[in-house]
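Residue numbers begin at 1 in each chain, while the letters A, B, ... track the order of the sequences.
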There are 2 protein chains.
Amino acid sequence: MPATEPSIPTLAAIEPRPDREHFLISDLCAEFGVTARALRFYEDEGLIAPKRKGLARIYSHRDRARLAWILRGKRVGFSLAEIREMIDLYDIGDDRRVQRQVTILRCRERIEKLEEQKQDIDAAIDELQQFVDLIEGLPHSATDKRN
Amino acid sequence: MPATEPSIPTLAAIEPRPDREHFLISDLCAEFGVTARALRFYEDEGLIAPKRKGLARIYSHRDRARLAWILRGKRVGFSLAEIREMIDLYDIGDDRRVQRQVTILRCRERIEKLEEQKQDIDAAIDELQQFVDLIEGLPHSATDKRN
DNA sequence: CAGCATCTTGACGTTAACGTAAAGGGAAGA
DNA sequence: TCTTCCCTTTACGTTAACGTCAAGATGCTG
């Protein structure tokens with residue numbers, strides 16, 4: 001059986017870039033607003049692994065999507081170690097039965113944690129909103145749902 | 001005009017504790033699962049300021065609620081500096097007109113940031129869920145809303 | 001009074017996530 | 001060829017948020 005590129009999902013839904021075949025470090029830095037130092041650091045930490053053309057790093061579309069995932073992970077408060085763990089889970093797209101169960105479990109744990117975080121955020125928003133209302137002198141405006 | 005306790009809102013909606021008049025550091029440590037070192041650190045950083053009985057710290061109900069706020073702030077990814085800033089906003093419950101506008105603005109900024117975080121979290125949950133579905137071999141189950 | 005628990009204040013150590021030089025390679029244009 | 005960019009590695013510095021002793025005060029209890 002020839003290796004027909006396993007077609008693993010790309011991670012992260014970001015704007016595609018069919019115009020470019022690959023990216024330089026400066027491209028990604030500009031696009032995502034991070035420093036080259038940070039990208040190299042993520043590489044040292046095993047979070048991303050671009051190919052090389054000589055010494056220069058060449059980032060593929062998958063690398064780019066992976067970076068997007070990393071940065072979002074950071075925004076929602078995960079450490080790089082946690083993010084790497086999650087990424088590793090993705091990369092075990094193979095057959096071992098037991099590993100698959102573990103992977104699923106970990107994912108579910110993550111999801112639960114994220115749900116809890118959402119609740120904390122909602123609570124925080126609520127309180128800030130109440131405070132704003134109060135300071136504006138409004139008569140207590142019951143938590144307005146403008147969602 | 002005698003100082004009739006300004007009646008500033010207590011922050012954070014947590015289980016009240018009418019049974020106790022105040023708390024020791026070990027009480028709060030046990031209740032919130034943090035170390036005494038952390039509480040003292042928050043104090044050094046100006047996040048909380050319990051009274052003293054001799055040397056020992058005596059935490060009021062407001063101190064307790066404030067701690068709850070601090071910890072939630074941490075859970076949603078704010079730095080202690082950011083949290084202090086938000087707390088400081090609360091404490092400007094006075095009259096200066098201009099300051100009020102600034103306070104409100106800051107609060108709104110915070111709220112916006114939190115909303116963005118929620119979106120990131122939702123996206124992360126979505127992807128994790130999709131991955132779980134995929135690894136479970138389900139046929140792509142359109143993002144099931146079991147909410 | 002001795003011992004123990006619980007508090008306190010230093011003060012130095014640690015980890016994560018980069019920042020910040022320093023020193024140099026390689027290609028492209030004047 | 002010289003200069004200019006953009007890339008590289010190596011390595012020490014920094015900040016946040018505590019951890020971890022060390023050494024001492026205070027108060028209850030046997």
Side-chain angles (χ1 to χ4, degrees), chain A residues 20-60 63-64 66-88 110 113 117 120, chain B residues 20-60 63-64 66-88 110 113 117 120:
Chain A
R20 311 224 19 188
E21 197 179 332
H22 41 235
F23 309 85
L24 294 179
I25 198 169
S26 54
D27 296 329
L28 297 187
C29 288
E31 178 173 2
F32 294 101
V34 295
T35 67
R37 177 69 178 92
L39 292 192
R40 299 194 188 106
F41 182 73
Y42 298 156
E43 186 172 347
D44 288 346
E45 297 295 299
L47 288 163
I48 199 170
K51 299 198 167 156
R52 301 295 184 114
K53 180 182 169 186
L55 279 183
R57 291 167 173 81
I58 303 296
Y59 294 86
S60 70
D63 292 330
R64 175 168 169 273
R66 185 181 281 240
L67 175 58
W69 168 268
I70 293 170
L71 296 179
R72 185 163 62 208
K74 289 206 59 186
R75 286 198 299 274
V76 304
F78 286 121
S79 72
L80 291 187
E82 291 172 311
I83 294 172
R84 177 180 41 202
E85 209 194 323
M86 299 174 72
I87 286 180
D88 288 348
R110 287 296 174 202
K113 195 175 166 187
Q117 248 181 294
D120 279 326
Chain B
R20 312 227 15 190
E21 198 179 332
H22 41 237
F23 309 84
L24 294 178
I25 198 169
S26 54
D27 296 330
L28 297 188
C29 288
E31 179 173 1
F32 293 102
V34 295
T35 67
R37 177 70 177 90
L39 293 192
R40 298 193 189 107
F41 182 73
Y42 298 156
E43 186 172 348
D44 288 346
E45 297 295 299
L47 289 163
I48 199 171
K51 298 197 169 158
R52 300 296 184 114
K53 181 183 168 187
L55 279 183
R57 291 168 172 80
I58 302 297
Y59 294 86
S60 70
D63 292 329
R64 176 169 168 272
R66 185 181 281 239
L67 175 59
W69 168 268
I70 293 171
L71 296 180
R72 185 163 63 208
K74 289 207 60 187
R75 286 199 300 273
V76 303
F78 287 120
S79 71
L80 291 187
E82 292 173 310
I83 294 172
R84 176 180 42 202
E85 211 195 320
M86 299 174 70
I87 285 181
D88 289 348
R110 287 297 173 199
K113 195 175 166 187
Q117 247 182 291
D120 280 329

Could you check whether any side-chain heavy atom of Ile48(B) comes within less than 4.5 Å of a side-chain heavy atom of Ile87(B), counting everything from C-beta outward?
no

Please table the atom pairs, donor to acceptor, closer than 3.5 Å between any side-chain atom in residues 52-59 of chain B and protein atoms at least two apart or in another chain.
residue, atom, partner, partner atom, Å
Arg52(B), NH1, Leu55(B), O, 2.6
Arg52(B), NH2, Glu43(B), OE2, 3.1
Arg57(B), NE, Glu43(B), OE1, 2.5

Under the side-chain hydrogen bond (donor to acceptor under 3.5 Å, both in side chains) test, which residues partner Arg75(B), sequence neighbours left out?
Asp120(A)

By salt bridge (Lys or Arg N to Asp or Glu O under 4.0 Å) - contacts of Arg20(A) (at least two apart):
Asp27(A)

Expected output is a numbered-order residue list: members of residues 20-30 of chain A with a heavy atom under 4.0 Å from any atom of DNA chain D. What is it?
Leu24(A), Ile25(A), Ser26(A)

For nucleotides 19-21 of chain C, tabulate all protein N/O to nucleotide N/O atom pairs closer than 3.5 Å, reporting atom names and distance.
residue, atom, partner, partner atom, Å
dG19(C), OP2, Thr35(A), OG1, 2.7
dG19(C), N7, Arg37(A), NE, 3.2
dG19(C), O6, Arg37(A), NH2, 3.1
dT20(C), O4, Arg37(A), NE, 3.0

Sequence neighbours excluded, the answer for side-chain hydrogen bond (donor to acceptor under 3.5 Å, both in side chains) partners of Lys113(B) is Glu82(B)

Taking any atom closer than 4.0 angstrom to a non-hydrogen atom of chain A, what span of DNA chain D does the protein reach, first nucleotide to last?
dC7(D) to dA11(D)

With the threshold set at under 4.0 Å for non-hydrogen atoms, list the residues of residues 39-50 of chain A touching DNA chain D in residue-number order.
Arg40(A)

Which atom pairs, one a donor and one an acceptor, fall under 3.5 Å between side chains of residues 30-38 of chain A and the rest of the protein, sequence neighbours left out?
residue, atom, partner, partner atom, Å
Glu31(A), OE1, Arg64(A), NE, 3.0
Glu31(A), OE2, Arg64(A), NE, 3.2
Glu31(A), OE2, Arg64(A), NH2, 2.6
Thr35(A), OG1, Ala38(A), N, 3.1

Given DNA chain D, 5'-ward residue of the pair Leu55(B) and Phe78(B), judged by closest heavy atom:
Phe78(B)

Answer yes or no: is there a donor N or O on one side and an acceptor on the other, between the side chain of Gln117(B) and the main chain of Val76(B), under 3.5 Å?
yes

Spacing of CG belonging to Leu28(A) relative to CG belonging to Leu67(A), to within rounding of 0.5 Å:
6.0 Å

Contacts of type salt bridge (Lys or Arg N to Asp or Glu O under 4.0 Å), residue Asp63(A), not counting sequence neighbours:
none

Donor-acceptor pair, distance only, cut-off 3.5 Å: does the side chain of Arg110(B) make one with the backbone of Met86(B)?
no

Side-chain heavy atoms of Arg84(A) within contact of Leu80(A), under 4.5 Å:
no

My understanding is that only residues two or more places apart in sequence, or in another chain, count here; which of them pass ring pair (Phe, Tyr, Trp, His ring centres under 6.0 Å) with Phe23(B)?
His61(B)

Given side chains that start at C-beta, do those of Ile83(A) and Trp69(A) come closer than 4.5 Å, heavy atoms only?
yes

Report yes if a side-chain nitrogen or oxygen of Lys74(A) is closer than 4.0 Å to either non-bridging phosphate oxygen (OP1 or OP2) of dC18(C); otherwise report no.
yes

